[in-house]
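Everything below concerns the one structure shown next.
In what follows, chains carry the letters A, B, and so on, assigned in the order in which the sequence lines appear, proteins first and then strands, with residues in each chain numbered from 1.
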Amino acid sequence: MHKLIKNFTLSVNNLTLLMYLANVIFISLIFNNPYITIDIFICLITTSWLVRRKKFVSFLKASGLIFLLTLLFNLVINQNGADVLLKIPFVTISTQSLTNGFILGISFLNILWSFYIYDALTHTKLIFEILSNVFKSIAIIFVLTVKFIPKIIDIFNDVRQLYKFRNSSPTRDKGRINRIKQTMHLNEIVLNKSISNFMNMSDSLISKGYNQRRQSFVHETNKVSDYIMRSFLTISIIFNLVMLTKGIGQVNFGSGNVDFRFTWLIGIIIFLNFIAIIYPILIGEFHYLWWKSFISKTTASNIPTAQRYR
Amino acid sequence: MIIGETGSGKSTLLRQLKPELALGKATAGKLTLFNNDDNNDFNRVAYISQFVDNQMVTETARDEFHFVLENMGATPEMIHSKIAEIATYFDIVDLMDLKEEELSGGQKQIINLATALILNPEILLLDEPTSQLDPITSEKFFRMVEKINSDLNITVVLVEHSLEQAVYYVNRIILVESGQIKMDLPTDKALRKLFEKVDYQAYIPQTDRLFLEQQLDQNFPTLKLPLSNRRLSEIVSQQYEYLHYRDHVGKDDQPSKVIFQVKRLNFRFEFNVPNILDDINFELEQGKSYAILGPNGVGKTTLLKVLTKQLSALNGSVSINGQNIKKMGKEFFDQLFVLPQNPALLFVGDSVKEEISYQLQQTDQKVTDELIQQYLSTYQLENIQDVSPYDISGGQQEYLALVIGLIKDPTLLFLDEPTKGLDPNMKQKVANLLVSYQQNGGTIIANTHDVLFSTQYFDYVALMFDGHLGKFEPPIKFFPNKYFYTTEINKACRDYFPKALIWEDIIKNES
């Protein structure tokens, strides 16, 4: 995680962070106007790169592939448009269907990248607590899912490897049916093994008093930065909701045409959403400049933290 | 401390003491806390299981403390002060915001302990808490438990499969046998009583065993057990002229055919990190056993995975009978068997019987019910034949997995922590299986923390650290050269008997 984003996460509490993430996902879901979509895409990619670099390249490759598939799928199902560029059997590609597919592909990527940021910044405990206040059993399913999907994948990989040392039957791997049977058997084995892990976690929940949970709301300490950010996010959500109900920033994909008109309202949406997505970078940068300009010069401290910021 | 054979009901008994976690329903009897029927609030009892990895519900220690305190309805101020107290007491301030995957096994278990204690319990139940930790980390953990016990006056009930380390920290020992309490005595008396029972002599720590076996208690009748190494050293110094050394560890060192060769093997998980396996070279001879020792996280399991093609080496070569394993297909997997750290990963059936039956089906034999029964009887598994392999105890799982491996009869047997969770008698059973496999020409390579087991049953041992594997040497040459990484008997008696490694090595002179 880049130091600017890290600084931002330290300056606000988890509830504010969750609100920011919900707003980012909301923005990615509702707009598909070309200007807004591309603006959102650039902001999301920049923020994602700073939020988590470790998985960035592999996610970029996967999202590139998904973009291509979405584009091709859209070219096949949406063959409207007068300005024909290419005609092959069963498929007619026009400028309109191509731009339509391109924008739809980018919109889809925006959703994926917003979840990438969510995954990197989200705080499992907070969501678990919010859920447990509403639906206790769903909260348990949530925590089991979050904890055990990676664990089940590990178990699957280990079992697949170790199975080779047990299964030395002469009929091994012979014929497709046998292979399918073996894969099904393997999946059953993995599920059996995962259940024992589930049981251990259930014991842990009981011994930690979850079954007699007394607290009915989430405790977070709010600072000024939390109030400022939440106020801004509330304005952003209300504004975007109004735009959504008025149909501004939306494109009718069935029309066979993409509306490229740029109005002042589109400009405002672009500006506001730009701020809403890169808010962590802006705040991190602001804090960094403040530190560089004033604090680090006034402290004579030689502790590693102070040195890092000089 | 509650001890007993693998599967004797120790853990079941412990869980009964925390009714929310009890397995099944009590058919008779009553559970009261501190002889007070009116105040049976079992929130005063905390429990920690042996499964280090599945105990944290949230992502970090800080969240975990919040979670527990919020469940109890604590106010934000109370949460803040409680966390401050517990983090300082356990010295885990630096670990508070680390994610679960960034913590070592020992750190996780300390956090689990801190989480259990944050609600000020009066009784702490520990179910084999160190079974997944290396000996050094285990000792640190026990020291922490002892500090809690003496500082905070908390009653600790500990279930353990071995007395070797924990015995120095407990006041009473309870023996459970077939679901019944057979003995409940103060530590000193309990150790002497166990010595009288032939079946439980193996439970006694090596230093105390030497003291009792050589009847040194007659010369030192007031001494209380367990003996520290320093105390035993004093005794040996006083009794030196009446004792002598006889080797019980050295084995026949006849060279045999090299069947497994590793040359210049390197491996790392990421591009810009040091090699986890750094230029590893060794050879294994047929019919010999090799133990790799070393603390957690030095790459022992990674080495085993690379050697068995579960991970791909960065470079270097591994060959079986002169054939490079990269060029081998299914025949590679047919010649090997791997017993992983978690033996349950090997199971494929719904019962122990099915496991045996499945493995027999992989051989050329015609599998009949009689044949299965014959194997179940040979390996003394009849009693648990219909039980799910996931429901038997950790020690029984380890044993069953080894039996499966021996039915396969591979050329090479790879074992990852084969004695983890085994009681001393079960260890002996496992050792017997390994010895007979070896006598039939099988070769064994094992990762282990168990210094005593590797001394008694392995032909060669080597130490792994920083990605390097030291030279394989016979235990009789390897351990006497070590200062810290050696047996307790060697540590206690090396000034007088430098080659003594196990209690049998020191014998009283015949008068």
Apply side-chain contact (heavy atoms from CB on, under 4.5 Å) to B/D63 and A/H123, showing your working. CA-CA 10 Å; B/D63 287 349; A/H123 193 229; 2.7 Å; yes

So which of B/A46, B/S49, B/P340 has the biggest tally of heavy-atom pairs under 4.5 Å with chain A? B/P340

Nearest atoms (heavy-atom pairs only) where B/L346 meets A/L162: CD2-CB, 4.0 Å

B/D391 portion near chain A, given a 4.5 angstrom heavy-atom threshold: neither

Does any heavy atom of chain A fall under 4.5 Å from the side chain of B/T115, the backbone, both, or neither of them? side chain

Supply the atom-to-atom distance A/S204 OG to B/N112 CG, rounded to the nearest 0.5 angstrom. 7.0 Å

Where on B/Q335 is there a heavy atom nearer than 4.5 Å to chain A: the side chain, the backbone, both, or neither? neither

How long is the span from the OG atom in A/S207 to the NZ atom in B/K18, to the nearest 0.5 Å? 6.5 Å

The interface call for B/F347 against chain A, heavy-atom contacts under 4.5 Å, is both

Return yes when atom OH of B/Y358 has more than 12 non-hydrogen atoms of other residues, nucleotides or ligands closer than 6.0 Å, and no otherwise. yes

Taking atom types as modelled, is there a side-chain donor on B/Q359 or A/R166 under 3.5 Å from an acceptor on the other? yes

Using a cut-off of under 4.5 Å on heavy-atom pairs, state which of B/V68, B/T60, B/I407 scores highest against chain A. B/V68

Can you tell me how far NZ of A/K164 sits from OG1 of B/T308, rounded to the nearest 0.5 angstrom? 10.0 Å

Approximate separation, where rounding is to 0.5 Å, of B/Y47 OH and A/D203 CG: 6.5 Å

Do other residues, nucleotides or ligands put more than 12 heavy atoms under 6.0 Å from the OH atom of B/Y390? yes

B/E70/A/K208 salt bridge by N-O under 4.0 Å criterion: no

Exceeds 12 heavy-atom contacts within 6.0 angstrom, atom NE2 of A/H2: yes

Proximity of B/F337 and A/F165 rings by center, below 6.0 Å: no

B/I404 portion near chain A, given a 4.5 angstrom heavy-atom threshold: side chain

Heavy-atom contact with chain A under 4.5 Å, split by part of B/K305: side chain

What part of B/E59 lies closer than 4.5 angstrom to a heavy atom of chain A: side chain, backbone, both or neither? side chain

